[in-house]
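Single-structure report; data block below.
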Amino acid sequence: MSDLHTLSVAELADGLRDKQFSSTELTEHFLNRIEKLDGKVNSFITVDADNARKAAKAADEQRASGDTRALLGVPMAHKDIFCTEGVLTTCGSKMLHNFISPYDATIVKNIREAGFISLGKLNMDEFAMGSDNESSYYGAVHNPWNLDRVPGGSSGGSAAATAAGFVPVATGSDTGGSIRQPASFCGLTGMKPTYGRVSRFGMIAYASSLDQAGTFGRSAEDCAYLLQPMAGHDPRDATSINRTVPNYVELLKEAKNNVGDKPFSGLKIGVAKEYFGEGLDSEVENHVRAALKQYEDLGATIVEVHITDPKVTLATYYMLAPAEASSNLSRFDGVRFGYRCDNPKNLEDLYTRSRSEGFGPEVQRRILMGTYALSAGYFDAYYTKAQKVRRVILEDFEKAFKECDLIACPTAPTPAYSLNDELDPVTMYLGDVYTIAVNLAGLPAISMPAGFTEAGLPVGLQLIGNHWDDDKLLTTAHLYQQHTDYHTKLSAIAKESI
Ligand code: GLN
């Protein structure tokens, strides 16, 4: 079968169960596509073909001897921020160009135990800092819808690989939008769960109070299949919360079976004018407003809500995230992990040159900003103040959620921009304006395709939920996808057969 890469996770699981194809055939199909087509996209840093083939063979044997795990033998891949035992984990950086982790991240282990097979590690902005995947030491990633465009970032490799049909689903991490914005640029569904829902153990830290692992798929249903084994308490991550995990996959099935032609009746969707402000591309705005109208036609009520001015949120984020990053990245000192400079003269020279040569310019910029914000003379003026504003952002959301069930807005102010644009840092930071408040407040949010520009680029609609409403977001996106077909469209690369 040459179109196996266009099947959903549910279809792949059914096909494996009914012996239409084996995991070995499936794995070979995806590996073949990666080998033939990823030269154009650059979505993988490491293709772990040997281990994937072994795991596929083992999955086929286990299935033959009665193992009934539904996802046994379904391929996927991980953002290269997740530690994988025995396999290179670079975080997109020269600093970790030779780092082989001695252990698996909790989610890597849980996903494998659910039966998935990892095909390798996906490209990303260095240490997850960026919005266009151009800061990777391993080169820029190209958007499979249009190879001259960026895929978004920082999880650009995860988004591009999924949109190119190299994997059905992939993991990502989202500190300020790094799942939702690339999902929007690549025509995918991307889910950032509630902070604490998914373990961060073994996920290389950028800004620990904001970082959260999540999923990429073509549909909300595909995301639910991957989120299911990821979600849950992990005693090794003190910020992971011990709270029952709903059966997301079952909830989607039930929701689909129980609705008629007004699936959203009773659902209140909040719309904030702050999310439709200056800088919003008119085509993006039109598609998002059209999607809101569709939700209304399908029974939802639109209510006006207010959230904190996104410009204030942006400034808060770009104070706190670099502050946490500067502290987290101090562990990369040329002694304990990865890159070490040649012939250091003394200890100070070892630290200075290892860090100057090992980190790229964007990471160095963040470390400088963060160190400045945390320095004795400026701590209260910048860091403490930003923490106070963070509280206000959360309170504004709390007020908004008294009026509505979910908030809808664009995921990003523009569609995917050109790889040649070489945005200055501040312009790039402005592109995060609609995603970062969610991380500052620890909320769940999902981005889903809601149309295409005249140039054929995908546009994303973002739904933001209250804490622990991850299931509501998935169901709302899933029902929307029963009434629309944007998520079924294939990128130029996914259409290429081999
Ligand atoms: N673009 C944002 C930043 O560079 C968000 C990155 C992320 O979510 N990892 O900080």
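Computed from a predicted structure; not experimentally measured.
For the residue pair S447/T411, the side-chain donor-acceptor check at 3.5 Å is satisfied. Side-chain atoms of S240 and D234 include no donor-acceptor pair closer than 3.5 Å. Judged purely by distance below 3.5 Å, without hydrogens or angles, the side chains of D38 and S43 pair a donor atom with an acceptor atom.
In this structure, the side chain of N123 engages the main chain of G139 through a donor-acceptor pair within 3.5 Å. No donor-acceptor pair under 3.5 Å is formed between the side chain of H233 and the backbone N or O of R243. Although no hydrogens or angles enter the test, the distance criterion places a donor-acceptor pair under 3.5 Å between the side chain of N133 and the main chain of G157. A donor-acceptor distance shorter than 3.5 angstrom exists from the side chain of E324 to the backbone of S208, with no hydrogens or angles considered. The backbone N or O of Y434 lies less than 3.5 Å from a partner atom in the side chain of Q462, making a donor-acceptor pair. With hydrogens and angles ignored, the 3.5 Å screen pairs a side-chain donor or acceptor of Q228 with a backbone N or O of Y248. A distance-only check finds no donor-acceptor pair linking the side chain of K256 to the backbone of L251 [under 3.5 Å]. In this structure, T46 contributes its side chain and D48 its backbone to no donor-acceptor pair below 3.5 Å. With H5 contributing its side chain and A494 its backbone, the two residues share a donor-acceptor pair below 3.5 Å. Within the 3.5 Å criterion, the main-chain N or O of A220 finds a donor-acceptor partner in the side chain of Q481.
The minimum heavy-atom distance linking A272 with I307 is given by the pair CB-CG1, 3.6 Å. The shortest heavy-atom contact between A183 and A159 is N-CB, 4.5 Å. The heavy-atom pair separating D222 from G217 by the smallest distance is CB-CA, 4.1 Å. Closest heavy-atom contact between K79 and S154: NZ-OG, 2.8 Å. Taking all atoms of both residues into account, the shortest heavy-atom contact from C409 to F276 is CA-CZ, 4.3 Å. Contact record, G460 with S184: N-OG, 3.4 Å, taken as the closest heavy-atom pair.
No side-chain heavy atom of D148 sits under 4.5 Å from any side-chain heavy atom of L419. No side-chain heavy atom of L122 sits less than 4.5 Å from a side-chain heavy atom of S155. Annotation: side chain of I269 is not in contact with side chain of F264 (no heavy-atom distance under 4.5 Å). Between M428 and Y417 the shortest side-chain heavy-atom distance falls below 4.5 Å. In this structure the side chain of R197 never reaches within 4.5 angstrom of the side chain of P444, judged on heavy atoms. At least one side-chain heavy atom of L443 sits under 4.5 Å from a side-chain heavy atom of N466. Considering only heavy atoms from C-beta on, I81 comes within 4.5 Å of C91 through its side chain. Taking the side chain as every heavy atom from C-beta outward, Q294 and H483 never approach each other to under 4.5 Å.
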Original post:
Going through the distances and angles, do L119 and F166 end up as a side chain to side chain contact (heavy atoms under 4.5 Å, CB included)?
Top reply: CA-CA 9 Å; L119 302 189; F166 299 157; over 6 Å; no
Original post:
What's the verdict on side chain to side chain donor-acceptor pair (under 3.5 Å) for D424 and T427, showing C-alpha distance, side-chain angles and the deciding distance?
Top reply: CA-CA 6 Å; D424 63 87; T427 311; 2.6 Å; yes
**OP:** Evaluate the criterion side chain to side chain donor-acceptor pair (under 3.5 Å) for residue pair Y138 and D80; output intermediate values, then yes/no.
**Re:** CA-CA 11 Å; Y138 300 89; D80 209 13; over 6 Å; no
**OP:** Check the pair D14 / R17 against side chain to side chain contact (heavy atoms under 4.5 Å, CB included), numbers first and verdict last.
**Re:** CA-CA 5 Å; D14 289 351; R17 182 199 58 208; 3.4 Å; yes
Original post:
Step by step, would you call M191 with M230 a side chain to side chain contact (heavy atoms under 4.5 Å, CB included)?
Top reply: CA-CA 12 Å; M191 170 82 186; M230 291 169 72; over 6 Å; no
**OP:** Apply the test side chain to side chain donor-acceptor pair (under 3.5 Å) to residues E126 and S93: give CA-CA distance (whole Å), side-chain angles for both, the deciding distance (0.1 Å), then the verdict.
**Re:** CA-CA 5 Å; E126 187 178 4; S93 183; 2.7 Å; yes
**OP:** Test N143 against V150 for side chain to side chain contact (heavy atoms under 4.5 Å, CB included), laying out the working first.
**Re:** CA-CA 5 Å; N143 189 318; V150 302; over 6 Å; no
Subject >> Derivation of the side chain to side chain donor-acceptor pair (under 3.5 Å) call for T308 and D396 >> reply: CA-CA 6 Å; T308 316; D396 282 349; 2.7 Å; yes
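Note that the CD1 atom of I241 and the NE2 atom of H467 stand 10.0 Å from one another [nearest 0.5 Å]. Rounding to the nearest 0.5 Å places OG1 of T27 at 11.5 Å from CG of N32. If you take OG1 on T414 and CZ on F185, they are separated by 4.0 Å, rounding to the nearest 0.5 Å. Separating the CG atom in L406 from the CD1 atom in I446 is a distance of 10.5 Å, to the nearest 0.5 Å. Note that the CD1 atom of I302 and the CG atom of L292 stand 5.0 Å from one another [nearest 0.5 Å]. Taking CZ from F82 and CG from D104, the interatomic distance works out to 12.0 Å, rounded to the nearest 0.5 Å.
Remark: E398 does not engage K402 in a salt bridge, criterion side-chain N to carboxylate O under 4.0 Å. Contact check on E296 versus K293 returns no salt bridge, with no Lys/Arg side-chain nitrogen under 4.0 Å from an Asp/Glu carboxylate oxygen.
Between Y480 and Y295, the angle of the ring planes stays under 30°, which puts this pair in the parallel group of the 30/60° scheme.
Geometrically, R366 does not engage Y206 in a cation-pi contact, judged by NZ or CZ lying under 6.0 Å from the ring centre and within 45° of the ring axis.
Applying salt bridge (Lys or Arg N to Asp or Glu O under 4.0 Å) to D174 and the options R200, K192, R180 leaves one that passes, R180. A side chain to side chain contact (heavy atoms under 4.5 Å, CB included) with I111 is found for exactly one of V169, T171, T215, namely T171.
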